[in-house]
There are 2 protein chains.
Amino acid sequence: MPTTEIPRDHESLLRGAALRVTRPRLAVLAAVDAHPHADTDSIIRAVRESLPDVSHQAVYDVLRALTGADLLRRIQPAGSVARYEARVGDNHHHVVCRTCGAIADVDCAVGHTPCLTASDDHGFVVDEAEVVYWGTCPTCATAPPSVTASSEGHR
Amino acid sequence: MPTTEIPRDHESLLRGAALRVTRPRLAVLAAVDAHPHADTDSIIRAVRESLPDVSHQAVYDVLRALTGADLLRRIQPAGSVARYEARVGDNHHHVVCRTCGAIADVDCAVGHTPCLTASDDHGFVVDEAEVVYWGTCPTCATAPPSVTASSEGHR
DNA sequence: ACACTTGTCTTGAATGCTTCAAGACAGCTT
DNA sequence: AAGCTGTCTTGAAGCATTCAAGACAAGTGT
């Protein structure tokens with residue numbers, strides 16, 4: 001994973017979305033590519049490895065611009081901060097660990113937006129069905145239940 | 001049927017969950033019953049109509065206790081604050097309006113936890129599948145786009 | 001009934017993610 | 001190269017939620 005290389009891929013992505021090509025934007029795209037499902041803070045730290053002086057505000061701004069242009073996807077499971085991923089266009093879902101918050105991708109079980117059909121949509125015009133699988137990741141499942149971690153669920 | 005009460009009343013619900021019966025808790029249960037999908041602030045205001053002096057902290061605490069006892073369900077669509085509903089036990093999902101944030105219930109399309117089977121669970125032990133349908137509610141669909149709303153972002 | 005014990009509520013403050021605002025600056029077009 | 005427009009920097013505020021410690025009341029046993 002050559003992080004020093006300037007990926008022309010990202011540049012054309014930005015141009016294709018009619019967005020200006022700036023170093024913070026390229027760095028954010030690279031950071032999200034390198035760290036899927038990373039939260040904003042991780043992205044900021046990753047970006048600052050190549051651009052030490054970017055402001056957090058710039059990152060927030062870039063993330064919003066890229067999300068609005070459908071170059072990035074923002075996911076936010078309940079109880080978690082905002083996270084971003086570069087996989088867009090395909091409709092895939094996520095498994096979230098209740099214990100540690102780890103996220104993994106899950107391709108749609110049936111393959112072609114099956115859940116999009118709600119039984120009764122109450123007149124809503126539905127354009128997306130988001131599925132979140134809640135469970136326990138392998139690491140937390142095998143780890144011995146610590147006092148602090150196990151009592152998180154209900155006190 | 002001499003002494004048997006319908007266990008629907010809130011007091012027996014609390015006792016059944018080994019929780020003390022207090023006025024704030026009864027008021028919170030009543031408020032959530034009256035306002036499905038209400039956010040914390042709405043619940044606080046509703047509770048204070050009958051108990052003007054409850055602290056917000058008490059409501060947060062009660063909501064956490066009731067959620068932990070599975071008497072309430074906490075839902076939190078991305079970009080929204082925490083909301084609570086009294087329907088528990090059945091696995092139903094939600095439609096969320098992108099514009100105004102309105103939420104409506106949707107019974108599971110297939111009826112018996114169908115989405116629980118992920119194509120590849122990455123070793124996660126999945127115990128729940130949460131589905132959120134994103135779209136536009138009837139009100140926002142018919143409402144003419146306001147100046148402020150249209151300039152928010154292009155989508 | 002009475003006091004005891006434990007969990008609940010009140011008060012007050014802090015935390016942290018995210019956004020707002022105004023000016024400086026740089027990318028893109030002519 | 002000049003100008004325009006959108007982007008980045010700086011600084012600070014907003015708001016939902018949580019933490020902490022003490023006061024208080026709901027259950028429980030004598």
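Order of the sequence lines sets the chain letters (A, B, ...), proteins ahead of strands, with each chain counted from 1.
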**OP:** Please work out if A:T22 contacts a base, only the sugar-phosphate, or nothing of the nucleic acid, heavy-atom cut-off 4.0 Å.
**Re:** sugar-phosphate
Original post:
Is there a donor N/O on one and an acceptor N/O on the other, under 3.5 Å, for the side chain of B:R25 and the base of C:dT8?
Top reply: no
Original post:
Does A:S55 or B:R83 map to a spot on DNA chain D nearer the 5' end, using the closest nucleotide for each?
Top reply: A:S55
Subject >> Integer-rounded Å distance: D:dG6 P and A:R15 CZ >> reply: 17 Å
Original post:
Between A:Q76 (CD) and D:dT17 (P), how many Å, whole number?
Top reply: 11 Å
Original post:
Got a second to check how far A:R15's CZ is from A:H10's NE2, nearest 0.5 Å?
Top reply: 14.5 Å
**OP:** Compare side-chain N and O positions of A:R23 against OP1 and OP2 of D:dT7 and report whether any pair is under 4.0 Å apart.
**Re:** no
Original post:
Which sits closer to the 5' end of DNA chain C, B:H56 or B:L19, going by the nucleotide each is nearest to?
Top reply: B:L19
**OP:** Quickly work out the A:L14 CG to D:dC8 P distance and round it to whole Å.
**Re:** 10 Å
Subject >> Given D:dT7, D:dG11, D:dA20, the nucleotide with the shortest approach to the side chain of A:R20 >> reply: D:dT7
Original post:
Can you check the A:R64 CZ to C:dC17 P distance for me, whole Å?
Top reply: 17 Å
Original post:
Between atom CZ in B:R45 and atom P in D:dA16, what is the gap in whole Å?
Top reply: 10 Å
Original post:
Below 4.0 angstrom from OP1 or OP2 of C:dT19, is there any side-chain N or O of A:Y60?
Top reply: no
Subject >> Flag for A:D105-A:H37: side-chain donor and acceptor within less than 3.5 Å >> reply: yes
**OP:** Choose from D:dT17, C:dT18, D:dT18 the nucleotide whose nearest atom is closest to any side-chain atom of B:A82.
**Re:** D:dT17
Original post:
A:I44 CD1 to D:dT10 P: how many Å, rounded?
Top reply: 14 Å
Original post:
Considering residues at least two apart in sequence or located in another chain, which fulfil the side-chain contact (heavy atoms from CB on, under 4.5 Å) criterion with B:A65?
Top reply: B:R25
**OP:** Verify the distance criterion only: is there a donor paired with an acceptor across the side chains of A:H94 and A:E85 at less than 3.5 Å?
**Re:** yes
Original post:
Using a cut-off of 4.0 Å on non-hydrogen atoms, how would the nucleic acid contact of B:A65 be classed: base, sugar-phosphate, or nothing?
Top reply: nothing
**OP:** Say whether, by atom type as modelled, one donor and one acceptor occur between the side chain of B:T142 and the main chain of B:P138 under 3.5 angstrom.
**Re:** yes
Original post:
Which part of the nucleic acid, if any, lies within reach of A:D53 when heavy atoms closer than 4.0 Å are counted: base, sugar-phosphate only, or nothing?
Top reply: sugar-phosphate
